[in-house]
Structures are given as structure tokens and as C-alpha cells.
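Below, chain A is the first sequence line, B the second, and so on; all start at residue 1. Treat the numbers as computed from the prediction; the structure is a model and nothing was measured.
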Amino acid sequence: MASAFKTALPVILGYIPIGLACGILESASGLSLGMCLLLSAVFYSGAGQFMLANLFAAGTPAASIILSIVAVSSRQALYSACIAPFLWGVGRLKAFLFSATVTDESFGIFFGDMASHGLGTGPAPAASAQGGDAEGEGQTDGGTDAAEPAAGGLDVSEGLAANLMCLVAWTVSNVVGALLGSVLTIPVALSSFAMTAIFVHMLARQPASRDAAVVAIVSAAGVLVCKFVGLTGPAIVVGALAGVAAGVIARGAHG
Amino acid sequence: MGWGEFVVIFGCIVAAILAFRCVPAFALRSRELSAGTGELLGLIPVAAFAALVSNDLLSPQMFDAGVAQGLVPILAAVVVALVARRFRSLVASALAGVVAYAILALVL
């Protein structure tokens with residue numbers, strides 16, 4: 001539990017100001033406190049919640065709101081595929097709860113170092129997935145799960161605990177923001193950059209190689225191109241898929 | 001927003017995000033992955049982080065408020081990257097990034 005908290009702390013500290021800002025925006029856009037609570041505790045997506053509040057305040061039709069948020073949320077499928085090998089042998093409920101609470105930031109923390117250690121392709125990727133910024137070794141919890149491979153130094157039980165800590169921090173911050181409303185003033189650009197810094201950190205910690213450089217450059221360029229042509233919603237997933245495709249081609253080109 | 005409209009939107013986006021978050025993991029978790037699939041999945045973290053960073057830092061309107069203002073997050077990101085490579089601490093990186101961003105926003 002202590003290692004889970006230590007790992008989750010940077011995300012929690014970032015979630016508090018952004019969660020407050022999100023709650024303030026949701027409240028200002030006309031969402032009730034109950035709606036804010038449901039969104040933050042169940043939907044649990046900062047990007048999606050900011051988008052919902054902004055689009056609703058702008059009078060956007062419900063169908064357009066849904067399609068925009070679905071497009072923005074599609075990147076989660078990439079993270080889900082990436083964590084799959086680490087859920088081998090983990091009980092269904094725990095695997096569901098863990099995968100359902102992975103966000104951009106928690107993915108960054110728990111799985112950021114996977115590429116540097118290689119992904120498992122079978123039932124026991126733990127041996128190839130040790131390391132990362134989080135301290136500790138992969139463990140089993142002694143429960144009913146057959147095995148709990150480690151990701152970024154945490155096992156799935158610890159990862160789930162950390163995810164839930166982040167979820168609680170996000171939800172409480174949202175609700176407090178919605179309650180206090182305009183009484184609070186949050187420097188959103190500054191607090192948002194704390195989250196950006198997490199992504200920059202995880203990117204910088206990836207092993208430097210020609211393939212990684214190709215993947216990173218094409219992904220970044222893909223996002224920018226999407227934005228230039230107006231595809232803001234799916235920009236992240238389209239850019240990342242373009243980067244992965246470029247990486248596969250680059251690997252094929254030099255064997 | 002009334003509860004009726006909210007329930008429709010909420011139900012759709014929750015179903016979608018749960019599907020995105022869980023279906024690939026459950027579809028792949030009990031399978032023996034080929035080496036090619038493993039390699040493919042191994043590229044995702046770099047691609048995802050680069051895409052997330054790009055999404056946060058780059059946009060067609062990034063220099064609308066002036067070149068200096070547009071450079072603030074990029075220069076702060078460079079500071080974060082240097083701290084990340086040197087100290088390997090996520091907390092140090094986040095802290096350095098926020099401090100650098102605040103200072104650069106004041107100076108530039």
C-alpha cells in the first residue's frame with residue numbers, strides 16, 4: 001500500500017488542482033453536483049469531462065457531445081492492449097477494476113518503462129517488465145489470483161490500489177470544485193502542465209534508439225497534422241497509431 | 001442539463017470508455033502473443049507518450065499569443081526532459097516543470 005501511494009502521489013498532486021478546475025467548469029456549465037460526482041467517479045476522464053462541460057455550455061447537441069467524447073476516449077484502447085500481458089492469471093474482477101481505472105497518467109506511471117524492458121508475449125512477462133520509477137519488485141498477493149506480473153515495478157494489486165487512490169483524489173477534487181464554484185481561482189495552465197510534465201518525463205525515460213525516435217517523431221507529427229486538418233478529437237490515437245506503424249516499418253527496413 | 005439528457009450522454013460515454021479500457025485487455029490477456037504482437041505492443045508506450053506530449057504542447061494556434069508565449073511550455077518541457085534523464089524522479093520532473101513554466105511565463 002505504501003509503494004502504491006508513493007507511486008500514485010505525483011498523479012494525486014496533479015489531479016487536485018485540475019480536478020478542482022474541472023469541477024468549477026462543470027458547475028458553471030450547468031451540471032448538478034450529483035452529475036459531477038457520477039462523471040468523476042464512474043466516467044473518470046479529465047479530457048472527456050472538460051470536453052463535456054465545454055460542449056454543453058456551448059449548446060452542442062447531445063449526439064455531437066457523445067461522438068466527440070468517444071473519439072477523444074478511443075486512445076484508452078491502446079493502453080488497454082498494452083496492459084493485457086500483465087493481466088495474465090489475474091482474477092476477472094481485479095483485472096476489470098484495474099483496466100477500468102487506467103488513465104493517461106496512471107498508464108504513464110505504471111507502464112512507462114515497459115518498452116525499456118520488453119513486453120512479455122506469454123503467461124509470465126514479469127521477468128521482462130521489472131524496473132521503472134516506482135520502487136519494489138513484482139509480487140503476488142497470496143490471494144486467489146494465479147500470478148500477478150509486475151508493470152513498472154508494481155503488481156496488479158498495488159496498481160489497482162494506486163489507481164483507486166487517484167480516482168478518489170480526482171472525484172473529491174471535482175466535487176469540491178463544483179461545490180465551491182467561482183470562489184476558487186485555479187491557475188489551470190500551470191496545473192495542467194504538471195500532467196504534461198508526467199508525459200514528458202515518461203517519454204524522456206524511454207530508451208533512446210533509432211526506432212524509438214522514429215515512433216516518437218511520427219506520433220508527434222501525426223497529432224499536429226490531425227489538429228491542422230481539424231481532427232482534434234481522435235488526434236492522440238491517430239498520431240500514436242501512425243507512430244506504431246512507422247516503428248514497425250522502421251524495424252522491418254533494418255531487420 | 002436535465003437528468004434525462006444527462007443519463008443518455010452519461011450512459012453512452014461510460015459504455016464507450018469502459019469498452020475502450022477493458023475489451024482489448026480482456027481479449028488479449030489470456031492469449032499467447034506472437035513475437036510480432038509483443039513487439040507491436042512494445043511500441044505503444046513511446047507512441048502514446050509522444051502523442052500525449054505533442055497534444056499538450058503543439059497546436060496550430062500555439063503562437064497566436066506571440067512566439068515567446070508559445071515557447072513557454074516547450075522550453076519548460078525541455079527542462080522536464082533534462083531533469084528526467086538526470087534524476088529519474090517523476091516528482092522532481094513534475095516539480096521542475098511547474099517551476100520552469102511559472103518562471104518562463106513571467107520572464108517571456
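Between the A/S68 side chain and the A/S64 main chain, a donor and an acceptor come within less than 3.5 Å of each other. Side-chain atoms of A/Q49 come within 3.5 Å of backbone atoms of A/S45 as a donor-acceptor pair (strictly under, hydrogens ignored). Side-chain atoms of B/R29 come within 3.5 Å of backbone atoms of A/V90 as a donor-acceptor pair (strictly under, hydrogens ignored). Here the side chain of B/R21 pairs no donor or acceptor atom with the backbone of A/T101 at under 3.5 angstrom. The closest donor-acceptor contact from the side chain of A/S80 to the backbone of B/A25 lies under 3.5 Å.
Your options are B/V23, B/V53, B/N55, B/L28, and the one with the most heavy-atom pairs under 4.5 Å with chain A is B/N55. Chosen from B/V14, B/I13, B/V8, B/V7, the residue pairing most often with chain A at heavy-atom distances under 4.5 Å is B/I13. Per-residue counts of heavy-atom pairs under 4.5 Å with chain A were compared for B/A92, B/A96, B/A19, B/A50; the largest is that of B/A50. Between chain A and the residues B/A81, B/A105, B/A100, the largest count of heavy-atom pairs under 4.5 Å involves B/A81. Counting heavy-atom pairs under 4.5 Å between each of B/G2, B/A16, B/S93 and chain A puts B/S93 at the top. Ranking A/A235, A/A95, A/G243 against chain B, the residue ahead of the rest is A/A95, based on heavy-atom pairs under 4.5 Å. The most heavy-atom pairs under 4.5 Å with chain B, out of A/S219, A/A212, A/G30, come from A/S219. By number of non-hydrogen pairs under 4.5 angstrom with chain B, the leading residue of A/C226, A/A216, A/G239 is A/A216.
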>> I'd like to know whether B/F49 forms a ring pair (Phe, Tyr, Trp, His ring centres under 6.0 Å) with A/F107, so could you lay out the CA-CA distance, the side-chain angles of the two residues, the decisive distance to 0.1 Å, and finally the verdict.
In response: CA-CA 10 Å; B/F49 297 136; A/F107 174 79; 5.7 Å; yes
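Inter-residue side-chain proximity for B/Y101 and B/V79 is flagged as unmet; no heavy-atom pair is nearer than 4.5 Å.
Relative orientation of the A/Y44 and A/Y15 rings is perpendicular, given thresholds of 30° and 60° on the angle between their planes. Taking the six-membered ring where the residue is Trp, B/F6 and B/F10 present parallel rings, their angle staying beneath 30° rather than reaching 60°.
Looking at A/F43, both its backbone and its side chain come within 4.5 Å of chain B, counting heavy atoms on both sides. Of the atoms belonging to B/L57, it is side-chain heavy atoms, and not backbone ones, that fall under 4.5 Å from chain A. If you measure heavy-atom distances from A/S29 to chain B, you find no contacts under 4.5 Å at all. In this structure, the portion of A/I65 lying under 4.5 Å from any heavy atom of chain B is its side chain and not its backbone. Both the backbone and the side chain of A/L38 come within contact range of chain B, with heavy atoms under 4.5 Å apart. With a 4.5 Å cut-off on non-hydrogen atoms, B/A76 touches chain A through its backbone and its side chain both. Only the side chain of A/I69 comes within less than 4.5 Å of a heavy atom in chain B; its backbone stays farther off. Only the side chain of A/L31 comes within contact range of chain B, judged by heavy atoms closer than 4.5 Å.
Heavy atoms of other residues, nucleotides or ligands lying less than 6.0 angstrom from CZ of B/F63 number more than 12.
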